[in-house]
Amino acid sequence: MAEARENAEAKEDEMRLTEAEIAVHWKEEEYYHPTPKFIGQANLTDPAVSERFSEKNFPECFREYADMLTWDKYWTTTLDTSNAPFWKWFVGGKLNVCYNCVDRNLGKYANKAAILWASEDENEPIVALTYQELYVQVNEMAAVLRDFCGLKTGDRVTVHMPMVPQLPVTMLACARLGIIHSVVFGGFSGEACGTRIEDSKSHILITMDGYYRSGKLLDHKAAADIAVKKAESEGHKVEKVLIWRRFRDKSATSTPLVEGRDYIVDDLLKKYRGVIVPPVSMPAEAPLFLMYTSGSTGKPKGCQHSTGGYLAYVTGTSKYIQDIHTTDIYWCMADIGWITGHSYIVYGPLALAATSVMYEGVPTFPDAGRVWRIAERLGVNIFHTSPTSIRMLRKLGPDEPKKYHYDFKSMTTVGEPIEPEAWLWYYHVVGRGKAAITDTWWQTENGGFLCSTKPAMDAMKPGSTGPPVPGIFPVVYDENGKELPPGAGKAGNICIRNPWPGLFQTIWGDPDRFVKQYYVKYNKDPKSKDWRDWPYFAGDGATWAKDGYVRILGRVDDVINVAGHRLGTKELESACLTVPEIAEAAVVPIVDPERGRVPEVYVALKPGIKASDEIAQRVTLAIETTIGKIARPRAVRIVPDMPKTRSGKIMRRVLASISNRMDYGDITTLSNPEVVEQIRVQVQGAGPVKTEKGPEDIRRFGETT
Ligand code: WTA
């Protein structure tokens, strides 16, 4: 019996190997080159950069980024590897992030816009916060946090806010005091927020009463009540809820305040008018913030980012890759509730004294020209968005960009692989064939970019992210740790061989999981203190072309990338299991022409329960309330049983193939292979099995975990 199981498992391993080693034959796209005008003004054009950031000069090369900051005390050790893989950067150094993003810009740029904000409601005027005004607001808010809330360095605060200027004000006020902020995406449900409050043990929740989304004023304060209740149900008490007001003269919520717990920030601020709070000088290694993201197992994990290393990395890459100058008007259309917004709306651009644009609402509201109107009106010259938004804007208004007189010098795409057709529309129509595009690949854990072209130095190749950015040394491994060098023509798992300053420090409260998830797979010696033995496992499949350009194929673990947002299969599945009739649940990604991937749910019912649409609807509702509407499944399929290995593991790969009408491959190692055909007929109808191979991430879904 044991032997049979071993044989079956050996066979599974063999299958994985061949899957991973299947040659990928991409059509090689042609190169596009930046214009001489763009090159003439770019920050990074010096070919010596490759020598300066060569492996020989690692880790000292990153001084170049750290030297862009103002330090209270210069560091003594650039990289300390003594507690591998918990790397420490710029050890001995001290600085304050808020000082670097606000105070130090006052000398030259006090009257320049730091933030330009557009309401979703086009009748509301644009809000411009100068660096001086930002300074005043941040100080007053810091006074509220310190003196009214009694918060101190190292405490955590959860922030659940929409895209309004008060959000960066709150973050910078935390940073001024060394308070660790945990910003939860405003679109997440109250319950999802509550779980993150509990995990970070925040006693203060900061929120806003309401905001506009697709023309509707949403009552956001209601989510705060749910969040507090959820945290309490997990044994954690929130002491105060601070509520910013969306409108000066009226409330945007009908949810009543809870006496002794809820406070209106706008009222509190009046007591601290003009108060100046000195920035706290923080060790480079102190945590700056937590950003929760989905991983392959269990609940979302709080990625802990550092003060000095993080700020140095986002500042350096904002300057060299985003090509931000103080004269630029830069618009990153991400939400600050995700890492892209932290690094490339708030911290990087402000540290460079740029003007950073924020937009409250939906890009296609009230019509598909909205984004281009904002760009025209504000004079945006650097534009940064995701493939999902590009696909959506193209679908709803393919010719809209032509109607507006904006002038982009460069553009970025981030968050998902972009197909060459969408890239070409972005280039020719949005960028008018002259804006340089950077396709930046990275993750919440990484702080900043890992792969991208250097916009004035490298040609662009549609659909490929580009070579590694300065100081990053990737490697692509197969499942057995064999290197697949550039030009190998095979897909493998992309890893980064070296640490870099933006890399997160640990998973909040769970250092074992940090090591297990990111390092164990390709670690060469668990006792080693040499960084060369600790490649960072990114969890993405990739091919590396002969020209050094990386093409990201998608996740190889059981994370689903929906419209550039990471959702963990396990989180979705546990939401399904809150419906009492459900015995088992499995969630898989299906390919969607706009959103990249969307989840589809398979559930098996408890014995004796009859399948019904009503049960399926309750499963969808359960997902929306525990996570949020972004996680809404395409379909809920009630099946007689799940396909399982002999060791009882649900084969999500098989379900993913069925949902996507792809060949489901070898199923002889399953304990119940007969159920596969039943499910296939249920989902696809009778008829021949498709033999399409399909995308790599679907074929390998859930295999590496
Ligand atoms: C995917 C977002 C292809 C990838 C910054 C990664 C990309 C996950 C790209 C991280 C890109 C991100 N091309 N895929 N340019 N950028 N991804 O943590 O699968 O929200 O692992 O960070 O998005 O998503 P996260």
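Start at 1 with the first residue, then count along the sequence. Being a predicted model, the structure only gives us computed values, none of them experimental.
N561 places no side-chain N or O within donor-acceptor distance of the main-chain N or O of P589, the cut-off being under 3.5 Å. Panel note: side chain D558, backbone F701; no donor-acceptor pair is recorded below 3.5 Å. Panel note: side chain H305, backbone P287; no donor-acceptor pair is recorded below 3.5 Å. Judged by distance alone, the side chain of E624 and the main-chain N or O of S189 form no donor-acceptor pair under 3.5 Å. Between the side chain of S294 and the backbone N or O of R566, at least one donor-acceptor pair lies under 3.5 Å. A donor-acceptor pair is defined here as one N or O able to donate and one able to accept, closer than 3.5 Å; no such pair exists between the side chain of H565 and the backbone of A631. When atom types are taken as modelled, the side chain of E696 and the backbone of G554 share no donor-acceptor pair closer than 3.5 angstrom. Side-chain atoms of R597 never come within 3.5 Å of backbone atoms of V588 as a donor-acceptor pair (strictly under, hydrogens ignored). Using modelled atom types, no side-chain atom of N523 and backbone atom of Y519 make a donor-acceptor pair closer than 3.5 Å. Between the side chain of S574 and the backbone N or O of E571 there is at least one donor-acceptor pair closer than 3.5 Å.
Closest of all the heavy-atom pairs between K237 and E232 is CG-OE2, 4.0 Å. Of all non-hydrogen atoms in P300 and Y292, the two that sit nearest each other are O-CD2, 3.8 Å. Residue I552 comes nearest to T465 through the heavy atom pair CG1-CG2, 3.9 Å, listed as atom of the first residue, atom of the second, then distance. The two residues G447 and Y310 make their nearest non-hydrogen contact at O-CE1, 3.8 Å. Heavy-atom minimum distance, G186 versus H160: O-NE2, 3.5 Å. The shortest heavy-atom contact between A585 and L577 is N-CD2, 4.2 Å.
The side-chain heavy atoms of I658 and Y664, taken from C-beta on, include a pair separated by under 4.5 Å. Considering only heavy atoms from C-beta on, D335 comes within 4.5 Å of F185 through its side chain. A heavy-atom distance below 4.5 Å is not found between the side chains of V579 and V603. Residues Y426 and L393 fail the side-chain proximity criterion, which asks for heavy atoms closer than 4.5 Å. Within the 4.5 Å cutoff, the side chain of C193 has heavy atoms near those of the T158 side chain. Between P633 and V587 there is no side-chain heavy-atom pair separated by less than 4.5 Å. Side-chain atoms of N498 and W87, non-hydrogen and from C-beta on, never get closer than 4.5 Å to each other. Residues V515 and P85 are in side-chain contact: their nearest non-hydrogen atoms beyond the backbone lie under 4.5 Å apart.
From Q304, atom CD reaches atom OG1 of T506 across 6.0 Å, with rounding to the nearest 0.5 Å. Atom CG of residue L484 and atom CH2 of residue W544 lie 10.5 Å apart, to the nearest 0.5 angstrom. Of the inter-residue distances, the one linking D557 atom CG with T569 atom OG1 reads 7.5 Å to the nearest 0.5 angstrom. Atoms OG and CH2, from S343 and W442 in turn, are 4.0 Å apart once rounded to the nearest 0.5 Å. Here the straight-line distance linking atom CG of L450 with atom CH2 of W441 works out to 5.0 Å at 0.5 Å rounding. Distance CG/L621 to CZ/R632: 9.5 Å, rounded to 0.5 Å.
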Report the C-alpha separation of V476 and T543 in whole Å, then their side-chain angles, then the decisive distance to 0.1 Å, and conclude whether the side-chain contact (heavy atoms from CB on, under 4.5 Å) test is met. CA-CA 8 Å; V476 178; T543 57; over 6 Å; no
Does I472 form a side-chain contact (heavy atoms from CB on, under 4.5 Å) with F449? I'd like the steps, not just the answer. CA-CA 9 Å; I472 297 294; F449 307 143; over 6 Å; no
Using the rule given for side-chain contact (heavy atoms from CB on, under 4.5 Å), can you reason through I650 versus L655, listing the C-alpha separation, both sets of side-chain angles and the distance that settles it, and then say yes or no? CA-CA 9 Å; I650 300 178; L655 296 171; 4.2 Å; yes
Under the salt bridge (Lys or Arg N to Asp or Glu O under 4.0 Å) criterion, do K299 and E234 qualify, and how do the steps go? CA-CA 13 Å; K299 55 180 190 174; E234 294 182 8; over 6 Å; no
Quick one, E584 with K644, criterion salt bridge (Lys or Arg N to Asp or Glu O under 4.0 Å). Give me CA distance, side-chain angles, the key distance, then yes/no. CA-CA 12 Å; E584 276 183 314; K644 287 190 187 137; 2.8 Å; yes
Between I623 and C576, is the side-chain contact (heavy atoms from CB on, under 4.5 Å) condition met? List the steps. CA-CA 7 Å; I623 289 177; C576 299; 3.9 Å; yes
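Salt bridge R618/E581: present, at least one basic N to carboxylate O contact under 4.0 Å. Classification of E677 and R680 as a salt-bridged pair holds, one side-chain N sitting under 4.0 Å from a carboxylate O. With respect to K301 and D510, no salt bridge is recorded, no charged nitrogen being found less than 4.0 Å from a carboxylate O. No salt bridge links R497 with E483; every basic N to acidic carboxylate O contact stays at or beyond 4.0 Å. Using a cutoff of 4.0 Å between basic side-chain nitrogens and carboxylate oxygens, E29 and R551 are not scored as salt-bridged. At a threshold of 4.0 Å, the pair K490-D478 does not count as salt-bridged, since none of the basic side-chain nitrogens sits closer than that to a carboxylate oxygen. Salt bridge D525/K527: absent, no basic N to carboxylate O contact under 4.0 Å.
Heavy atoms of other residues, nucleotides or ligands lying less than 6.0 angstrom from CG of D530 number more than 12. By the neighbour-count criterion of 12 heavy atoms within 6.0 Å, atom NZ of K524 is densely surrounded, having more than that number from other residues, nucleotides or ligands. Heavy atoms from other residues, nucleotides or ligands lying under 6.0 Å from NZ of K546 number 12 at most. Counting non-hydrogen atoms of other residues, nucleotides and ligands closer than 6.0 Å to NZ of K606 gives a total above 12.
A donor and an acceptor atom, one from each side chain of Y536 and Q443, are located under 3.5 Å apart. Between the side chains of E416 and T388, at least one donor N or O lies within less than 3.5 Å of an accepting N or O.
Note that R196 lies in the cation-pi zone of F188, set by a 6.0 Å cut-off to the ring centre and a 45° limit from the axis.
With Y518 as the partner, the ring-ring contact (aromatic ring centres under 6.0 Å, His included) test is satisfied by one option alone out of F537, W534, F86, F504: F504.
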